[in-house]
Amino acid sequence: MTTRNLDIETVRHVAHLARLRISDEEAALYAAQLSKIVAYVDQLNEVDTSNVEPTAHPLPLMNVWREDNPTPSWTPQQALQNAPQSQNNFFRVPKVLDQESP
Amino acid sequence: MTTPLDIPVAEIAAGVRIGKLSALDIVSLALARVESLQPQLRAFISVDADRAMNLARKIDEQRAAGREIGALAGVPVAVKDNMCTTFGATTCGSKILAPFHAQEAAHVVDQLESAGAIVIGKTNLDEFAMGSSTENSAFFTTANPWDVSRVAGGSSGGSTAAVAARLIPGALGSDTGGSIREPASFCGIVGLKPTYGRVSRYGLVAYGSSLDQIGPIARTARDAALLLSVIAGHDPRDSTSANEPAPDYVAALDRPIRGLRIGVSEEYFGAGLNHEVQATVRAAIAAIESQGATVLPIHLPHMKYGIACYYLIATAEASSNLARFDGVHYGHRTPRPADIIDLYSSTRGEGFGAEVKRRIMLGTFALSSGYYDAYYLKALKVRTLIKSDFESAFRDVDVIASPVAPTIAFPIGEKSDDPLAMYLADIYTVSANLAGIPAISIPCGFDASGLPVGMQLMGNYFAEDRLLNIAHQYQQVTDWHNHMPALG
């Protein structure tokens, strides 16, 4: 039930998980703002949910099946039309292998 | 003087059908009005005038040739710029998507244009629909037509300002936690969030996938019904789209409301509610009662946890949905990435605005190892309780009436440095999204300074016809929807 303070280190960790580069000023600002928001959402701890099932979706979800018939799809050119960089019908990115993750 | 833009969707379509109005004239009028008021209102992100006029010419030609034209033929409309169109760009009010040109139009855009409506442009929004004022748009803030120093509300503020200022008679917005209803209330018009799954989300850029719904924005309940009839229904391309036929929403408008049970929960009239909003909404409920409905007290004990629950679930879903904006597939890419991780992180750091980053981080935190049970899972359990509260209430009443927002439209800049204060603008609207039920915002008066106040009606699953019916009957005995902001 304690209010969790999001320190700058936690904010930096979360930003890394979310792949968001943030400046030192942003980290300090978000630490203050997110702490306030997390303190607010901590009021959910007042609610007894010990025998309550979670609801991830408002309506009953079920698998939706369709016949496996071929239908027209995009050409590689269409799929790549918005790509910032592409090469030989692929999305181009910096080298991924032989590299330590930070 | 009345211009064709002052008349409702239904009358424009009827006028075009019998040749009394020309689609080209109406669309030209709308385009001219959009252009002349854009400096004051900033309702639109983009307008495609040539395309709109070509479509209008075609409709006039088809009619002259005696061919069948659609139910909305010649009606100029706009969609929020988080719905994909094959013309122009789709920006979501973000720098990270520039430039993005969709390969396919959103289902709702296809539906509107198949019915003959003409989408003249894309309206402003908070970046990725995250906000309650459009101040989070990467481009500009939309002004409220009733007082241009105030916000239009958000996130669908561009659509609601455009309809309130009579630039266009109808528009679409999307609503994840109140983003159709709150700006409709602030702008003095009708906005409907349908039942989750009632309208296909295909081509709507996702924010919170278990909460998002597209809905109509118009000046009258009749026009909202007409628009909903065109966009509602099953779409195999959205697997969460409800596989049941949509009723005739227009035909349901004229049903009597005598004997209907209206639930009122004091949880919606507590601390934080502006007293003029409170008095105005209570008077509106009394007006519905005097039309023969019965008002009954109900209790929604978990409503007060709505904001906490919503901002954990919506941001968790957003943190996952927005992972796709990575500088690889579309949009902005950082110019000189050191490596693949830097490509992702710098692209996202440069491309997203402050509120989007804040929500991605809150959601990532709620889902992260060590915090998942305490935050995300806890919120999902409280969501069950909020949903059960509604299920119990709808055993006793047909609809629930409440304010839409705790205040009238606030001044631009008032809450922009205080995210939590901004979140609380959604206190009365988020529960309907969490439960998945439909809810409508109806103009029900003005405060002493002349700013509009909205009443919210929430209904049981798939009871859009009932909400529109009551809203329409209320509009038969009131004229709030005929008031017009004093703009050039």
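Throughout, a chain's letter reflects where its sequence line sits, starting with A, and its residues are numbered from 1. All values below come from the heavy atoms of this structure, side chains included, with hydrogens, waters and symmetry mates left out.
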**Q.** Atom group of B:Glu350 that falls short of 4.5 Å from chain A, counting heavy atoms
**A.** neither
Q. Does the pair A:Leu59 and B:Thr240 meet the rule for a side-chain contact (heavy atoms from CB on, under 4.5 Å), with working shown?
A. CA-CA 9 Å; A:Leu59 295 177; B:Thr240 61; over 6 Å; no
Q | B:Ala435 to A:Pro58 - nearest heavy-atom pair and separation | A | O-CB, 3.5 Å
Q. Is the count of non-hydrogen atoms from other residues, nucleotides or ligands lying under 6.0 Å from B:Lys304 atom NZ greater than 12?
A. no
Q: Check step by step if side-chain hydrogen bond (donor to acceptor under 3.5 Å, both in side chains) holds for A:Glu46 and B:Tyr305.
A: CA-CA 10 Å; A:Glu46 297 165 23; B:Tyr305 301 110; 2.6 Å; yes
Q: Identify, with sequence neighbours excluded, every residue that meets salt bridge (Lys or Arg N to Asp or Glu O under 4.0 Å) alongside B:Asp418.
A: A:Lys36
Q. Under a 4.5 Å heavy-atom cutoff, which of A:Leu80, A:Thr10, A:Val47 has the most pairs with chain B?
A. A:Val47
Q) Heavy-atom distance under 4.5 Å to chain A: side chain of B:Ala242, backbone, both or neither? A) neither
Q. How long is the gap from OG1 on A:Thr49 to CG on B:Leu377, to the nearest 0.5 Å?
A. 8.0 Å
Q: Specify the closest pair of heavy atoms between B:Met361 and A:Ala15, including all atoms of both residues, with the distance to one decimal.
A: SD-CB, 3.8 Å
Q: Could you tell me whether the side chain of B:Thr384 and the main chain of A:Glu53 form a donor-acceptor pair under 3.5 Å?
A: yes
Q: Kindly compute the distance separating NZ (B:Lys381) from CG (A:Leu44), expressed to the nearest 0.5 Å.
A: 12.0 Å
**Q.** Test log, rule side-chain contact (heavy atoms from CB on, under 4.5 Å), inputs A:Arg21 and B:Asp342
**A.** CA-CA 8 Å; A:Arg21 183 168 305 287; B:Asp342 182 42; 2.7 Å; yes
Q. Roughly how far, to the nearest 0.5 Å, is the OH atom of A:Tyr40 from the OH atom of B:Tyr311?
A. 10.0 Å
Q: Tell me, with the steps shown, if B:Ile307 and A:Val41 meet side-chain contact (heavy atoms from CB on, under 4.5 Å).
A: CA-CA 8 Å; B:Ile307 290 287; A:Val41 303; over 6 Å; no
Q: Taking all heavy atoms of A:Ala18 and all of B:Thr364, pick out the closest pair and write down the distance.
A: CB-OG1, 3.6 Å
(Q) As a quick check of understanding, evaluate salt bridge (charged side-chain N to carboxylate O under 4.0 Å, His left out) for B:Asp339 and A:Lys95, giving each step before the final call. (A) CA-CA 7 Å; B:Asp339 54 38; A:Lys95 193 173 176 185; over 6 Å; no
Q.
Taking 4.5 Å as the heavy-atom cut-off, does anything in residues 67-77 of chain A contact chain B, and if so which residues?
A. A:Trp74
Q: Quick one: list whatever passes side-chain hydrogen bond (donor to acceptor under 3.5 Å, both in side chains) with B:Arg237, sequence neighbours left out.
A: B:His107, B:Asp235
Q. Is chain B contacted by the side chain of A:Val64, its backbone, both, or neither, given a heavy-atom distance below 4.5 Å?
A. side chain
Q: Using the test salt bridge (Lys or Arg N to Asp or Glu O under 4.0 Å), find all partners of B:Arg333 that sit at least two apart in sequence or belong to another chain.
A: none
(Q) If I measure from the heavy atoms of chain A, does B:Ser346 come under 4.5 Å with its side chain, its backbone, both, or neither? (A) both
Q. Between CG of B:Leu97 and CG of A:Asn82, what distance do you get to the nearest 0.5 Å?
A. 8.5 Å
Q. What closest approach, in Å, do B:Gly349 and A:Leu20 show between heavy atoms, and which atom pair accounts for it?
A. N-CD2, 4.3 Å
(Q) Out of A:Ser86, A:Ala79, A:Ala56, return the one with the most heavy atom pairs under 4.5 angstrom to chain B. (A) A:Ala56
Q: Counting only heavy atoms closer than 4.5 Å, note whether B:Leu424 contacts chain A via side chain, backbone, both or neither.
A: side chain
Q. Got a donor-acceptor contact below 3.5 angstrom from the A:Arg19 side chain to the B:Ile341 backbone?
A. no
Q | Segment of B:Lys357 engaging chain A (4.5 angstrom heavy-atom cut-off) | A | both
Q. What are the two closest heavy atoms between B:Gly331 and A:Pro84, and how far apart are they?
A. O-CG, 3.4 Å
Q) About how many Å separate CD1 of A:Ile37 and CZ of B:Arg359, when rounded to the nearest 0.5 Å? A) 8.5 Å
Q. Where does B:Pro99 contact chain A at under 4.5 Å (heavy atoms): side chain, backbone, both or neither?
A. backbone
Q: Give, as side chain, backbone, both or neither, the part of B:Ala366 having an atom under 4.5 angstrom from any heavy atom of chain A.
A: neither
Q: Nearest 0.5 Å please: distance from the OG1 atom of A:Thr55 over to the CG atom of B:Leu434.
A: 9.5 Å
(Q) Using the rule given for side-chain contact (heavy atoms from CB on, under 4.5 Å), can you reason through B:Phe365 versus A:Leu34, listing the C-alpha separation, both sets of side-chain angles and the distance that settles it, and then say yes or no? (A) CA-CA 10 Å; B:Phe365 171 73; A:Leu34 291 172; over 6 Å; no
**Q.** Heavy-atom pair count under 4.5 Å with chain A, highest-scoring of B:Pro236, B:Ser209, B:Ala354
**A.** B:Ala354
Q) Of all of B:Leu362, B:Val328, B:Val382, B:Ile360, which one pairs up most often with chain A through heavy atoms under 4.5 Å apart? A) B:Val328
Q. Of the backbone (N, CA, C, O) and the side chain (C-beta and beyond), which part of B:Ile386 lies under 4.5 Å from a heavy atom of chain A, both, or neither?
A. neither
Q) Checking A:Gln85 against chain B: side chain, backbone, both or neither under 4.5 Å from a heavy atom? A) both
Q | Over all atoms of both residues, closest heavy-atom pair of B:Ser210 and A:His57 | A | CB-CD2, 4.0 Å
